[in-house]
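Worksheet: the structure to be examined is printed underneath.
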Amino acid sequence: MGQLSRFLRSLEGGGMMYWCQGCKSTHAVNVGQGPGPRWGYNGNPDAPTFTPSVLVTWYEPTAEGEAMMDRGDPLPPGMKRYPGKDMVCHTFIRDGRVQFLSDCTHELAGQTLDLPELPAHLQDSAP
């Protein structure tokens, strides 16, 4: 595992990680050979393209849901999870540009931006 460029880190098993400015966190894709879903990669760590689109989904508890979990409250009758909402980050990454699709639930939906540099805590230390 190591930094491939200002924008990408390699992961074990053929993965690559990049910073998503919409989610303010990392996303990862698996490229090359191996089990599980794999993305095509253009081989350019400075202007990557991954195909097909990258879809990341998660469930984000509300403040009320977080408080219920912190207290160890049981789920209310008829509820399958604590109060919250489904979140989506759906992008195309082409030639170092990120197209945030309209189904994104964050504020960058519908925008296209340059892939950001990795934050300092994800960069390899300079020698």
Side-chain angles (χ1 to χ4, degrees):
M1 269 183 24
Q3 190 170 342
L4 299 172
S5 71
R6 298 176 318 184
F7 313 102
L8 296 176
R9 287 193 66 83
S10 64
L11 300 172
E12 282 188 38
M16 292 187 180
M17 176 176 64
Y18 60 92
W19 186 258
C20 175
Q21 63 262 57
C23 297
K24 298 169 185 64
S25 67
T26 58
H27 294 324
V29 294
N30 292 316
V31 299
Q33 302 297 314
R38 296 285 161 169
W39 277 258
Y41 170 52
N42 68 348
N44 185 345
D46 293 312
T49 295
F50 298 112
T51 54
S53 66
V54 179
L55 175 63
V56 178
T57 61
W58 71 98
Y59 185 74
E60 191 169 289
T62 61
E64 175 190 5
E66 289 275 353
M68 291 173 72
M69 288 187 288
D70 289 346
R71 290 190 304 264
D73 294 351
L75 286 172
M79 291 185 71
K80 294 181 181 179
R81 53 190 178 183
Y82 292 99
K85 59 184 176 175
D86 291 309
M87 303 296 289
V88 174
C89 184
H90 194 187
T91 60
F92 281 109
I93 300 176
R94 297 182 184 121
D95 298 319
R97 305 264 301 154
V98 183
Q99 177 186 3
F100 293 95
L101 302 176
S102 61
D103 59 340
C104 290
T105 54
H106 53 63
E107 69 277 358
L108 297 183
Q111 297 183 45
T112 301
L113 304 170
D114 289 336
L115 188 65
E117 292 188 16
L118 294 165
H121 73 277
L122 295 175
Q123 294 180 23
D124 290 347
S125 299

Evaluation steps, salt bridge (Lys or Arg N to Asp or Glu O under 4.0 Å), between R81 and E60:
CA-CA 11 Å; R81 53 190 178 183; E60 191 169 289; over 6 Å; no
Pair M17-L122, side chain to side chain contact (heavy atoms under 4.5 Å, CB included): steps then yes or no = CA-CA 10 Å; M17 176 176 64; L122 295 175; 4.2 Å; yes
Exercise. Kindly determine whether K85 and T62 satisfy side chain to side chain contact (heavy atoms under 4.5 Å, CB included), including the steps that lead there.
Key: CA-CA 7 Å; K85 59 184 176 175; T62 61; 5.8 Å; no
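Under a hydrophobic clustering in which Ile, Leu, Val, Met, Phe, Trp and Tyr are joined whenever their side-chain heavy atoms come within less than 4.5 Å, directly or via other members, M79 and Y82 fall into different clusters. L101 and L115 fall into different hydrophobic clusters, where Ile, Leu, Val, Met, Phe, Trp and Tyr side chains are chained together by heavy-atom contacts under 4.5 Å. The hydrophobic cluster containing L113 also contains F7, counting ILVMFWY residues as joined when their side-chain heavy atoms lie under 4.5 angstrom apart, directly or transitively.
Checking side-chain atoms of N42 against main-chain N and O of A47 turns up a donor-acceptor pair under 3.5 Å. Proximity of a side-chain donor or acceptor of D114 to a complementary backbone N or O of P116 within less than 3.5 Å is not detected. Checking side-chain atoms of Y59 against main-chain N and O of G84 turns up a donor-acceptor pair under 3.5 Å.
Taken to the nearest 0.5 Å, the CD atom of Q123 stands 6.5 Å off from the CD atom of E117. With values rounded to the nearest 0.5 angstrom, T112 atom OG1 is found 11.5 Å from I93 atom CD1. Annotation: the span from S10 atom OG to M16 atom CE amounts to 7.5 Å, rounded to 0.5 Å. With rounding to the nearest 0.5 angstrom, the CG atom of L118 is 7.0 Å from the OG atom of S5.
For the pair P48 and L8, the minimum side-chain heavy-atom distance is below 4.5 Å. Considering only heavy atoms from C-beta on, Q21 comes within 4.5 Å of L108 through its side chain. For the pair T51/W39, no side-chain contact is recorded, criterion being any heavy-atom separation below 4.5 Å from C-beta on. P83 places none of its side-chain heavy atoms less than 4.5 Å from the side chain of P61. Counting heavy atoms from C-beta on, the side chains of H90 and S102 never come closer than 4.5 Å. Within the 4.5 Å cutoff, the side chain of V88 has no heavy atoms near those of the W58 side chain. For the pair T49/Y41, no side-chain contact is recorded, criterion being any heavy-atom separation below 4.5 Å from C-beta on. With contacts defined as side-chain heavy-atom distances shorter than 4.5 Å, the pair T91/Q99 does not qualify.
A salt bridge does not link R97 with D95: every distance from a Lys NZ or Arg NE/NH1/NH2 to an Asp or Glu carboxylate oxygen is 4.0 Å or more.
Ring geometry for H121 against W19 counts as perpendicular: the plane angle is over 60°, on a 0 to 90° scale with 30° as the lower cut. Using a 30° and 60° split on the angle between ring planes, Y18 and H27 fall in the perpendicular class, above 60°.
Aromatic rings from H106 and F100 are positioned such that their centres are separated by under 6.0 Å.
Listed here is the closest heavy atom pair of N30 and G15: OD1-CA, 3.6 Å.
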